[in-house]
Each structure stands twice: as C-alpha cells, then as structure tokens.
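No experiment lies behind these values; they were computed from the predicted model shown. Order of the sequence lines sets the chain letters (A, B, ...), proteins ahead of strands, with each chain counted from 1.
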Amino acid sequence: MLQRDERVDIQTSVKVEQDEIIVARGLRKSYKDFEAVKGIDFTVHRQECFGILGPNGAGKSTTIKMLHCFSPLTAGRLVVLGHSVTGDIRRIKAQLGVVSQDDNLDSDLNVIQNLLVYARYFGINRAEAHRRAEEALELFHLTEKRHHQIEELSGGMKRRLVIARALINKPRLIILDEPTTGLDPAARQLVWQKLRYLRDSGVTLVLTTHYMEEAAQLCDRLVIMNEGRILAEGIPTELVRQLVGYEVIELRIKPEESQMTLKLIEGRPISHEIAGDTLYLFGQEPSAFHTLQLPEVNYRLQRRASLEDLFIKLTGRGLNESQNE
Amino acid sequence: MDDNYFLQSNYLEAKPQRWRLTLPTPFTWGTYRVWQRNRDAFLRRWKTELWPPFVETIMTLLAFGFGIGVYIQGQVEGMSYLQFIAPGLIMSSVLFTATFECMFGTYIRMKIEKMFDATLATPITLEEVVSGEITWAATRATFTGSCVLLVLAPLNLLPNWWVVLLPLLGLITGFMMASLAIIVTSLVPSINAFNYFITLGVVPMQLFSDVFFSVSQIPENLRWLVYFSPLYPATRLARAIFVGQMGPELLGYLLWISLLSLVFYSLALRLMRHRLIK
C-alpha cells in the first residue's frame, strides 16, 4: 500500500493530495448526438458528503456513471480513490459502494442471499460475508426480514437493502444516485440518518438529488449543475448567502402594483425577481427588510433564503424555458 | 487474500479500442462468481426447475417414439426409429435450454431487473457477467440433456458405454448455443423480438438438423443449408457416440463446433459491451 502524502497519477498526471477522494478535471461525456457533460472540475475530500444537484437532464447521472467506472470518459481526467478510472478499475471498484437510482436487487434470491452473493463478487470469504451481512441488516433495521423475498419488502426497505448491500465491501467511498426518490417522508428521514451515520464513521459520500431538502440535510459541500456544466460550488449556507441573500419575501401581486413596490425598495440592499404572479424580494443583508412597509396583499411570506431559491435562480424556473421556445 | 483476489483474474482487461484482437476466456474467478449466483438462484427454485426435463422427455418419447415411430417399421441408418431420434433429442434439449436461458433469462436480468448494473458496480467485469451467463446456461443445458439420457436408460436405448461422453458434448454444444443466444439478446430492441430468432432460428435448427429424420432425405441441392445449422454437427457427433461408431471423421465435427463456439462467444462479448457500455 502506498502511503505517501502526495502522489502523481502517472496516467493522468493529476496531482492527488492524500485526502482527495475524487479529483475531476475537464471531465466530458458525449453521446452520439449530444454532449451530456461539458467539461467539469471538482474535488471531493475525505469524509465529506458531496452533493451534485441539478434538474433532470443536467448531467448528474452521467457524471455518477463515470465516477463509478461504468461509462468511459470522452475527455478529461478523473482520479477516484487514488486511481485513474482509465486504469485498473478493479482497484477502484473494490473500495467503492454504489447505490443506483433503481432498486436493482436480485429477486431470485432472498434478503440475506442478496448480501452474501454480492459479498462473493468482492471475494469476501463465507464467514466474513455472513458477519458483515448481519451487521449491515442490523444497521438498516432489516434483521427480521433476513429470509424474506425481495417482493415482500416495502419501497423503503428495498432502498435500505440496496444501501446495506453497498456497504458489504466496507467501501471508503459510496456513490448514491437519487437515494430517496420515491420514498415516503419517514423512510427518507431514516435513510438520511443512516447516511449521516456513515459519513460520521469515516465514509465519503457523493450523492445526486433534486430534492433541495435532502441536499440541505446531508451535504457538506455541493455543486449545482445545469445542461452539463457546473454553475456553482461551495458550502450550501454560504452559497445561498452569496448568491441569493439572507431573507426572502414572496408577494402575490398584480403587475401594476409590483412597480409601486419596486419603488419602495429602491436604495435598499434588496434584489428582486418577478416570476408569473409572484414578486420575490431577496434581502442581501441581515436587516435588509427592517422598517420596510409593503402594501397589503392577500399572500405574503417572509422566510430565510434557502437552497431552493439558489437552485431556481441558477437553473431557471422552467417557465422562462417555455417562454423562450 | 482479498486484496489480490482481483488480480488473479486472467481476463485481459477490456480496452476502449474497439477492434483490438484479444482472446477472451471464460475461465476467470469473476465468471465463476456469476455462475455461482445463477446456480444459487436455480437451486432456490429447484421444485419448479428439476422435474420439467424428465416430464418433457417422456412426453416427447411418447409422441415421437411410440406415436409416430409406429408408422416407421423399417430402420433408419441401421437402427430403430426410437434409437435414431434419441441422441438428437438430447441435443435439441441442450439447444432449447441454453437458448432460452440466455435469451429470456439474460434479458430479464439485464433489462428488467437491472441486475447487470448491480454486478458491474463490483470488481466483476462486463465480460465476466456475460461469460457467467453463458457458462451457466451451458451447465443447465448439460443438466437437461443428462436428464433426457437418464429417461432413455431404462428403455434400453443406451447401446454402449461411450454415452458417458454425451454430457461433455452437451456442455460444449450448450456453450455454443448460449453464446449464439447472447448475440441475439444483445441485438433485440424488446423481449418480443425473440420470436424472430425462435421461429426462424431455433425451430428450423431443431427440425432440419438430423434430429427427427436423416439428412439424406433432404434433396441434394438443398442439403448444404443443413450444414449451416450449428446443431447439425452436434447431432451427428451425439449419434456416433450413442451407437459407439467412433471414428476419425468425428474430429471434423468437433473442430467445427469448437470454432463456432469461439466465434459466437467472442462476438457475444463484443456485442454485449457495445449494447451496455455507453
């Protein structure tokens, strides 16, 4: 085992620091008729939960597939766990856990067999596989379902089993593609808890999602992608503050009245956006809305700026998209 | 052991260059792991999987041997009709088992259950997944063929001890047929499209490959068509083994089957990679 502080991957000549779990530089992916990922750079550090956010078709899943060595790169360099994905990928995959978007469990086998067969793919011996399988089932509250058929499990249980399966090789990095899509709120909370537990026990997580709440709950750092490019990168709360502001006021207001309102905020550190029937005011300082008298309207909401505001600001409201067509 | 396990695998690593000439091998640890998975799944369903080969064989024998066979008073190539069709029945059961396993079985695992994606997230390569499918189908076909052989035994239809070689022939033939089926699976747009191959490939292969009647019945100017059937050399070999007429001319059939197996197998791996890795 190499244990140097810094090393250079010969094939890619990317400098990789010891705590850098993923280094992507100029990463591109083209299919026959379109470019899904148009040159992105990012770095994931040890023991962080890194989020890749974006609307459908942003290139998230394509990026993820390159990360777990499924799709070959079109261009760029990608080093995962110290090895280039164009080199010996078995070395990467041996230390990697993958949770795909679909519950691709083996319905011909029961719950525990799913884990044991998977362990065999990693060359883990029988006794050790049993030990780890029981451990993983316990962690995900599936011990009692040990001998159940896959089709007997609920959606939440299937998802937990897919994640449990990804732990069987004690991965240093787990890659999750939309881990809670389609789950009910309680099932999601449980999955989030377990993911935070994993990160705290030293595993690095990379996940894609289009749920802003999920990103806020889990991600230490994230990138927002749209149309194959990274639009913003950073710590969620800081990004929101920098790019959106501190507080938001939403007013449902008629267009003619909005002109009046805009006059009221002139000279204040407030930016605005009109989307359909709603006027959004973004306070750029903690007390931007202090002593501001707004007209009476039947819908008015004052709240903290959120990732959702940032996301929509960067990727558009979809409305604009249809107007452009 | 864990750390070196992956390096034991002797599959030459798949390179992005598309037409690089490498000889693929199904003899790797990864292939064995996938084979094991398929075996475990099969054994879990043993109640539904074990009896059909026996029952089907008995029914086929009743229909063809005792039913149609009654009309055939004379001998075919110097043996009773039942004896004549027995080796062909063994080989066509190999054909059907291997083909269906690698068409419907593989397609469902690949497309519907997305099991390949899960396996490919481990150190197992795509070539190993496909090889595991093929070697398992060959194993299962051998099992079915052997069941047919067992049914024939009490009917005193096993004339000599050479028949112990038949399972081995079944294994090679199963490998060839499974590889051919994987080629089809790698090309079909949907599961319904298998009908083309069944109707235009599998069924004519069974009907016109010396299984039910001697190839000498076919007009000479059409007989060359039979030689294109991959089942034909298998049936010829099986019959020779069955009646114990071993001779050097059989080597030609064996070589032909081996060559076809190699070509189909290489093509199957390549086409599957082309289909799945985008």
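- Top candidate by heavy-atom pairs under 4.5 Å with chain B, chosen from A:D102, A:V98, A:I175, is A:D102.
- In terms of heavy atoms, A:R165 sits closest to B:A118 at NH2-CB, 3.5 Å.
- Residue pairs meeting the side-chain hydrogen bond (donor to acceptor under 3.5 Å, both in side chains) criterion with at least one partner in residues 54-65 of chain A, sequence neighbours excluded, are A:N56-A:H210, A:S61-A:Q101, A:S61-A:D177.
- Applying the salt bridge (Lys or Arg N to Asp or Glu O under 4.0 Å) definition to pairs two or more places apart or across chains, none involves residues 172-200 of chain B.
- Only the backbone of B:L276 comes within contact range of chain A, judged by heavy atoms closer than 4.5 Å.
- Contacts of A:L116 with chain B are absent, with no heavy-atom separation under 4.5 Å from either backbone or side chain.
- Heavy atoms of A:K32 lying under 4.5 Å from chain B are absent altogether.
- Few gaps surround NZ on A:K38; more than 12 heavy atoms of other groups in view lie less than 6.0 Å from it.
- More than 12 non-hydrogen atoms from other residues, nucleotides or ligands lie less than 6.0 angstrom from CZ of B:F104.
- Contacts from residues 36-47 of chain B to chain A, taken as heavy-atom pairs separated by less than 4.5 Å, involve B:Q36, B:R37, B:R39, B:D40, B:A41, B:R44, B:R45 in sequence order.
- Side-chain atoms of A:Y118 do not come within 3.5 Å of backbone N or O of B:T122 as any donor-acceptor pair.
- Between atom CZ of residue A:R120 and atom CH2 of residue B:W29 there is a gap of 11.0 Å, rounded to the nearest 0.5 Å.
- Chain B forms more heavy-atom pairs under 4.5 Å with one residue of A:L96, A:N110, A:D108 than with any other, namely A:D108.
- Proximity to chain B is limited to the side chain of A:Y31, based on heavy atoms less than 4.5 angstrom apart.
- Looking at A:S100, there are no atoms closer than 4.5 Å to chain B (heavy atoms on both sides), in backbone or side chain.
- Counted within 6.0 Å of NZ on B:K111, heavy atoms from surrounding residues, nucleotides or ligands total 12 or fewer; the atom is thus considered open.
- Pairing each heavy atom of B:K278 with each of A:P72, the nearest pair is O-CD, 3.8 Å.
- Of the listed residues (A:D103, A:L109, A:N169, A:I168), the greatest number of heavy-atom pairs within a distance under 4.5 Å of chain B belongs to A:L109.
- The side chain to side chain contact (heavy atoms under 4.5 Å, CB included) with A:Y121 is formed by just one residue from the set B:V129, B:L120, B:I124; it is B:I124.
- The nearest pair of heavy atoms linking A:F122 to B:A121 is CZ-O, 4.4 Å.
- Along residues 136-151 of chain A, the residues that come nearer than 4.5 angstrom to chain B, judged on non-hydrogen atoms, are A:Q149 in order of number.
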